[in-house]
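Everything below concerns the one structure shown next.
Counting starts at 1 for both ligands and their atoms, following the listed order.
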Amino acid sequence: MEGLLTRCRVLPTLATCSCQPSRYVPGRFHHCAPGRRQRLVLSRVFQPQNLREDQVLSLEGKVSDLTCKSQRLMLQVGLIYPASPGCYHLLPYTVRALEKLVRVIDQEMQAIGGQKVNMPSLSPAELWQATNRWNLMGKELLRVRDRHGKEYCLGPTHEEAITALVASQKQLSYKQLPLLLYQVTRKFRDEPRPRFGLLRGREFYMKDMYTFDASPEAAWQTYSLVCDAYCSLFHRLGLQFVKVQADVGSIGGTMSHEFQLPVDVGEDRLAICPSCSFSANVETLDLSQMNCPACQSPLTETKGIEVGHTFYLGTKYSSIFNAQFTNFQGKPCLAEMGCYGLGVTRILAAAIEVLSTEDCIRWPHLLAPYQVCLVPPKKGSKEAAAAELTGHLYDHITEAVPQLCGEVLLDDRTHLTIGNRLKDARKLGYPYVIIAGKRALEDPAYFEVWCQNTGEVVFLTKEGLVELLTQVQTV
Ligand code: ATP
Ligand code: MG
């Protein structure tokens with residue numbers, strides 16, 4: 001980590017910029033502290049960049065499996081690196097984007113009263129035997145045995161664990177309900193066909209929330225509250241989605257919805273009514289059902305990537321583990337439950353899948369690993385005199401636009417032409433690429449700005465740039 005930032009010895013973290021006073025670590029070099037402003041430089045980022053298509057193919061072994069755009073682009077620009085089938089190293093850019101995604105998810109979950117927890121990945125077999133899922137889940141469950149011969153699985157989901165946890169709290173009162181507990185953790189599933197990179201892994205991040213309510217009516221309210229929070233999340237990410245009626249699968253319960261991003265590589269088939277709001281995963285429909293059950297219009301079919309799933313569980317798990325609360329009459333009652341998943345790593349890859357072109361990654365603007373890439377002139381070129389100006393511009397932006405502190409990367413590979421570096425920057429999809437070319441030598445200096453999410457290219461002065469960048473939202 002040391003040395004990524006020029007002149008910086010100790011970094012609190014690379015992933016977040018701690019420029020708010022409350023997060024400042026006294027006594028440490030701090031890349032946003034006044035007078036010690038550091039520049040993030042591209043040449044030091046750990047990122048095996050610019051792999052040719054054939055190099056990427058050989059990374060994954062079997063060429064036929066490499067069939068989706070997000071997987072190819074993410075490997076090519078060094079966002080992920082394969083470790084074993086369905087398992088990937090998440091490289092620095094990806095970790096930054098994921099951390100941003102988790103921040104947006106936290107905001108949405110906490111806005112509806114969610115409390116974040118973190119449960120162990122090792123989940124004792126007894127819990128799963130109690131619900132019979134130790135058998136039902138079959139080979140998908142990754143099982144391990146400890147030195148004492150005790151069996152565990154690596155958690156593919158946590159209904160058992162959370163319900164046992166809540167059941168162990170003997171003093172739970174109706175006054176504490178609804179209880180909304182969630183976590184963002186790694187999940188393990190021995191998928192029969194892991195593929196499409198982060199879209200279907202064997203080890204992946206999921207946000208899973210579990211809710212406990214005092215009555216079915218209250219639990220329905222919570223259900224719609226969480227669904228609304230999911231809608232808000234996808235709106236904020238700028239992702240077009242459909243909420244469809246879904247099968248309850250091995251998780252169970254009485255009602256369920258999936259949040260799907262419509263796109264051809266999706267593995268789910270969705271039936272959507274063009275005339276009313278009905279939409280369903282075809283798994284839930286009778287195959288002969290070609291018309292909308294609500295308005296009888298012919299249904300249209302599309303493919304989708306499942307990015308979220310909500311379940312109304314009722315007392316399926318609380319009755320097994322005896323997860324109770326005391327009601328207003330002091331009587332013990334079973335909690336009414338819901339569970340709600342979001343595929344965190346899958347959302348990231350799915351967003352890249354739907355937003356990118358064949359050659360260039362496009363990110364939801366909130367999630368771009370860095371918002372700005374500054375490209376100084378090539379060493380020895382006619383414009384080389386503008387190099388210092390680019391450095392000053394870097395400092396000026398991060399000072400004048402506080403939310404961009406830690407979000408600006410300087411492409412210091414000045415042995416390469418501007419054109420080559422622009423190509424890389426376009427592929428990586430920084431929302432703003434700023435080039436100090438010929439016009440940077442004019443008085444006043446003009447910088448060429450590629451606004452990648454809108455496709456505009458404009459020339460702006462330093463002041464114009466600050467005005468533009470002040471609008472950038474970060475999380
Ligand atoms: P799928 O039908 O795609 O296998 P699922 O219905 O089994 O998924 P859930 O149990 O509903 O998955 O899990 C909640 C969320 O976790 C899913 O909506 C999805 O976004 C994500 N997810 C599930 N399996 C994977 C996986 N193998 N890799 C990445 N994300 C996954
Ligand atoms: Mg599902």
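Among all non-hydrogen protein atoms, the one lying nearest atom 22 (N) of ligand 1 is Phe204 CE1, 3.6 Å. The shortest contact between atom 21 (C) of ligand 1 and any protein heavy atom is with Gly343 CA, 3.5 Å.
Of the listed options Arg200, His309, Arg189, Arg189 places a heavy atom closest to atom 10 (O) of ligand 1. Closest heavy-atom approach to atom 14 (C) of ligand 1 among the candidates Arg193, Lys207, Met206, Glu203: Met206.
Contacts between Glu306 and ligand 1 below 4.0 angstrom, taking non-hydrogen atoms only, involve backbone and side chain alike.
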Applying side-chain hydrogen bond (donor to acceptor under 3.5 Å, both in side chains), run through Gln403 and Thr474 and close with a yes or a no.
CA-CA 7 Å; Gln403 76 267 28; Thr474 53; 5.6 Å; no
With salt bridge (Lys or Arg N to Asp or Glu O under 4.0 Å) as the test, would you mind laying out the steps for Arg133 and Glu159 before giving the verdict?
CA-CA 11 Å; Arg133 289 211 289 181; Glu159 286 76 20; 2.7 Å; yes
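Of the possible polar contacts, none joining the Gln260 side chain to the Asn281 backbone as a donor-acceptor pair under 3.5 Å is found. Of the possible donor and acceptor atoms, none in the side chain of Thr310 sits under 3.5 Å from a partner among the backbone N and O of Ser256.
Under a 4.0 Å heavy-atom criterion, Gly201 is in contact with ligand 1. In this structure, Leu199 has a heavy atom closer than 4.0 Å to ligand 1. Val307 counts as a contact of ligand 1, since one of its heavy atoms falls under 4.0 Å from the ligand.
By the 4.0 Å N-to-carboxylate-O rule, Glu267 lies too far from Arg193 to be salt-bridged with it.
Under 3.5 Å, the side chains of Glu108 and Tyr230 contain no donor-acceptor pair of N or O atoms. In summary, the side chains of Tyr210 and Gln183 do not present any donor paired with an acceptor at a separation below 3.5 Å, with no hydrogens or angles considered.
Rounding to the nearest 0.5 Å gives a distance of 9.0 Å between CZ of Phe212 and CG of Leu313.
Summary: ND1 is the N/O/S atom of His309 found nearest to the Mg ion (ligand 2).
Less than 4.0 angstrom separates some heavy atom of Glu191 from each of these atoms of ligand 1: 24 (N), 26 (C), 27 (N).
Between the Mg ion (ligand 2) and Glu306 there is an N/O/S contact shorter than 2.8 Å.
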